[in-house]
> 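One structure, as structure tokens, below. Some questions next.
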Amino acid sequence: MANMPVSEMQLPPHLAHLLAARRLTTAKDVLSLPEVELMAVLDAGLPTARAAVAHVSEAACPPCQTALELLEERVRLGGGGRLATTLCGLDEALGGGIPVGKLTEVVGPSGIGKTQFCLKLATLAALPECYGGLNGRVVYMDTESKFSSRRMIEIGQNSFPQIFRQEALAQKMAGRILVMRPASLADFTKGLEQMKVTLLQHDVKLLIVDSMAALMSLENEKATAGFRHHPLRWALSFLKSIAEFSRIPVVVTNQVRSQSNDDGYHFSFEVDRKDGNNCAERFDSHLVAALGIQWAHAVTVRLVFESHSGHRFIKVAKSPMSPAVAFPFIVESSGIKLLREEGIDVTGPEITSIRCQGQNVLAQ
């Protein structure tokens, strides 16, 4: 809520003009200033400063709801407020699918299937509602140039042949997916800001960033010009505000890295495997998600994609709707397919671990 624009708060006209003239453009700009300092910036008395704080706080603060109201809303929507993945076991664990208004992270080693999952979600969001889609536009931020329109069409044709046989409808759906390839965090932010009006008008029903870790790796540790804080914190706040105000699902992929004492930090594709199995075991025991603890706490849902003993798994490692469970899966022409719909309970250190090989949990 901190990044909510003052221009969208429907403040009293005289107050809105005053804040705009003083370049206080977001809720954070107003609420982060002490009253005395706000008086100086506004060149106004204490009553005006307090009125500004009161109006902005009321507009930016999310409305309170009781637990009963939330339950009734969910029943009324009948599964709405979610983007179904069509993976029945996973959807059931997530309470219907990928939640709107929240930040969902998909983390795993390179080549595990994260982009395949995102392509399927993009296809689903563009589908007509009668087929379980959101009938909307999709913004796909492709930071690693992995987006493949050919692969997306292949997934659509094999998943929904009855739709993709209609050439005009297939073309219309493809035209709803806007692909952007930002070369820097500044490009990424600028692109989203330019389409903020479209996002707020609910024309866009899904935002995908694939991947955030690759984008952040291009930035220096210090804040870049134009950002008041560390770029990761700014980007995280920006993405969460988009999800909350636009009421759309925001899906962000993340990479993994090694955190061994002797090897330092590495992305999974940078690990030297010359030592064979011993190296693989050492790497396996130190795999962690990139972007750090602050990012991990901020995401609402974390889906871990991992592989071991010849099987790939989608693990619901973090969710307010579900305990930690894992689903074995394969990647086929129609995209991700679960090998079983019943989740495998995950306990202990396995909840937070990210493995590339090891014990086969199917045998447990």
Side-chain angles (χ1 to χ4, degrees), residues 74-75 77-100 102 104-109 111-134 151-152 154-164 206 208 249 251 253 299-348 350-364:
R74 188 165 184 268
V75 171
L77 293 175
R82 305 270 167 172
L83 170 59
T85 68
T86 68
L87 305 175
C88 296
L90 181 61
D91 284 339
E92 183 176 353
L94 295 176
I98 306 297
V100 304
K102 309 294 183 183
T104 297
E105 177 195 37
V106 179
V107 59
I112 193 70
K114 301 187 299 295
T115 296
Q116 302 292 322
F117 184 71
C118 290
L119 290 175
K120 183 65 172 285
L121 291 180
T123 303
L124 290 167
L127 278 178
E129 292 182 358
C130 59
Y131 291 101
L134 298 181
R151 174 60 178 146
M152 189 188 68
E154 180 185 17
I155 290 174
Q157 288 175 335
N158 287 278
S159 300
F160 309 99
Q162 68 275 30
I163 299 177
F164 280 79
L206 173 65
I208 295 175
V251 178
T253 67
V299 300
T300 302
V301 175
R302 168 173 276 186
L303 301 179
V304 172
F305 279 50
E306 59 183 5
S307 66
H308 43 91
S309 299
H311 296 281
R312 299 183 185 188
F313 297 86
I314 300 176
K315 180 168 62 183
V316 182
K318 179 183 179 183
S319 168
M321 300 294 299
S322 169
V325 290
F327 300 89
F329 75 93
I330 58 174
V331 179
E332 55 180 21
S333 59
S334 60
I336 301 290
K337 177 183 178 181
L338 298 186
L339 295 178
R340 55 183 286 180
E341 301 297 342
E342 302 80 21
I344 304 166
D345 291 337
V346 180
T347 59
E350 290 296 314
I351 295 177
T352 56
S353 68
I354 303 175
R355 299 192 294 170
C356 285
Q357 50 194 323
Q359 186 178 3
N360 181 5
V361 299
L362 284 174
Q364 297 178 352

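Keep in mind that this is a model prediction, so the values were computed, not measured.
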> Using the salt bridge (Lys or Arg N to Asp or Glu O under 4.0 Å) criterion, which residues pair with E332? Sequence neighbours excluded.
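Partners of E332 by the salt bridge (Lys or Arg N to Asp or Glu O under 4.0 Å) criterion come out as none, since no residue qualifies.
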> Write down the atom of S322, the atom of A93, and the distance for their closest heavy-atom approach.
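Looks like CB-O, 2.9 Å.
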> Is there side-chain contact between L303 and L90, with at least one heavy-atom pair below 4.5 Å?
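They are in side-chain contact.
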> By side chain to side chain contact (heavy atoms under 4.5 Å, CB included), which residues pair with V346, not counting sequence neighbours?
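Checked V346 against side chain to side chain contact (heavy atoms under 4.5 Å, CB included); matches are K315, A324, A326, E350, I351.
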> Under the 3.5 angstrom rule, does the side chain of R312 hit a backbone N or O of I112 as a donor-acceptor pair?
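At least one qualifying donor-acceptor pair exists.
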> If you compare all heavy atoms of P109 against all heavy atoms of I354, which two are closest, and at what distance to 0.1 Å?
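Heavy atoms of P109 and I354 come nearest at CD-CG2, 4.4 Å.
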> Could you work out, with side-chain hydrogen bond (donor to acceptor under 3.5 Å, both in side chains) as the rule, every residue matching T253, not counting sequence neighbours?
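Applying side-chain hydrogen bond (donor to acceptor under 3.5 Å, both in side chains) to T253 gives D210.
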> With side chain to side chain donor-acceptor pair (under 3.5 Å) as the rule and sequence neighbours excluded, what pairs involving residues 85-99 come up?
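Of all non-adjacent pairs touching residues 85-99, those that pass side chain to side chain donor-acceptor pair (under 3.5 Å) are T85-D91.
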> Which distance, rounded to the nearest 0.5 Å, do you find between the CD1 of I314 and the CD of E306?
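Rounded to the nearest 0.5 Å, the CD1-CD separation comes to 11.0 Å.
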> Does L124 reach the side chain of L206, with side-chain heavy atoms less than 4.5 Å apart?
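L124 does not reach L206 side chain to side chain.
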> Could you list the residues that satisfy side chain to side chain contact (heavy atoms under 4.5 Å, CB included) with P320, not counting sequence neighbours?
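Expected list: T300, V301.
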> Mind checking side chain to side chain contact (heavy atoms under 4.5 Å, CB included) for Q162 and listing every partner two or more places apart, or none if nothing turns up?
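Counting only residues at least two positions away or on another chain, Q162 forms a side chain to side chain contact (heavy atoms under 4.5 Å, CB included) with Y131, F160, R165.
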> From R340 CZ over to C88 SG, what is the distance, rounded to the nearest 0.5 angstrom?
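If we round to the nearest 0.5 Å, R340:CZ and C88:SG are 15.0 Å apart.
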> Please name the pair of heavy atoms, one in S319 and one in L94, separated by the smallest distance, quoted to 0.1 Å.
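Here S319 and L94 meet closest at OG-CD2, 4.1 Å.
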> Which value, rounded to the nearest 0.5 Å, describes the distance between T115 atom OG1 and M152 atom CE?
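If I round to the nearest 0.5 Å, the distance is 13.5 Å.
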> Ignoring hydrogens and angles, tell me if any N or O in the side chain of S159 forms a donor-acceptor pair with the backbone of S334 under 3.5 Å.
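Answer holds: yes.
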> Under the ring-ring contact (aromatic ring centres under 6.0 Å, His included) rule, collect the residues that match up with F305, sequence neighbours excluded.
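With neighbours one apart ignored, the set is F117, F329.
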> Show, in sequence, the C-alpha distance, side-chain angles and deciding distance for V325 and I344, and conclude whether the side chain to side chain contact (heavy atoms under 4.5 Å, CB included) test is met.
CA-CA 5 Å; V325 290; I344 304 166; over 6 Å; no
> Testing the basics here: between F327 and E341, what is the closest heavy-atom pair and its distance to 0.1 Å?
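Closest heavy-atom pair between F327 and E341: CE2-O, 3.4 Å.
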> List the atom of P249, the atom of I98, and the distance in Å for their closest heavy-atom pair.
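Here P249 and I98 meet closest at CB-CG2, 3.9 Å.
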> Quick check: closest heavy atoms across I336 and Q116, and the distance to 0.1 Å?
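In terms of heavy atoms, the two residues are closest at CD1-CB, 4.3 Å.
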> Taking side chain to side chain contact (heavy atoms under 4.5 Å, CB included) as the definition, give me every residue that meets it alongside K318, ordered by chain and number, with sequence neighbours left out.
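Residues passing side chain to side chain contact (heavy atoms under 4.5 Å, CB included) with K318: V299, R302.
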> For K120, does the NZ atom have more than 12 heavy-atom neighbours from other residues, nucleotides or ligands under 6.0 Å away?
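Buried by this count: over 12 neighbours within 6.0 Å.
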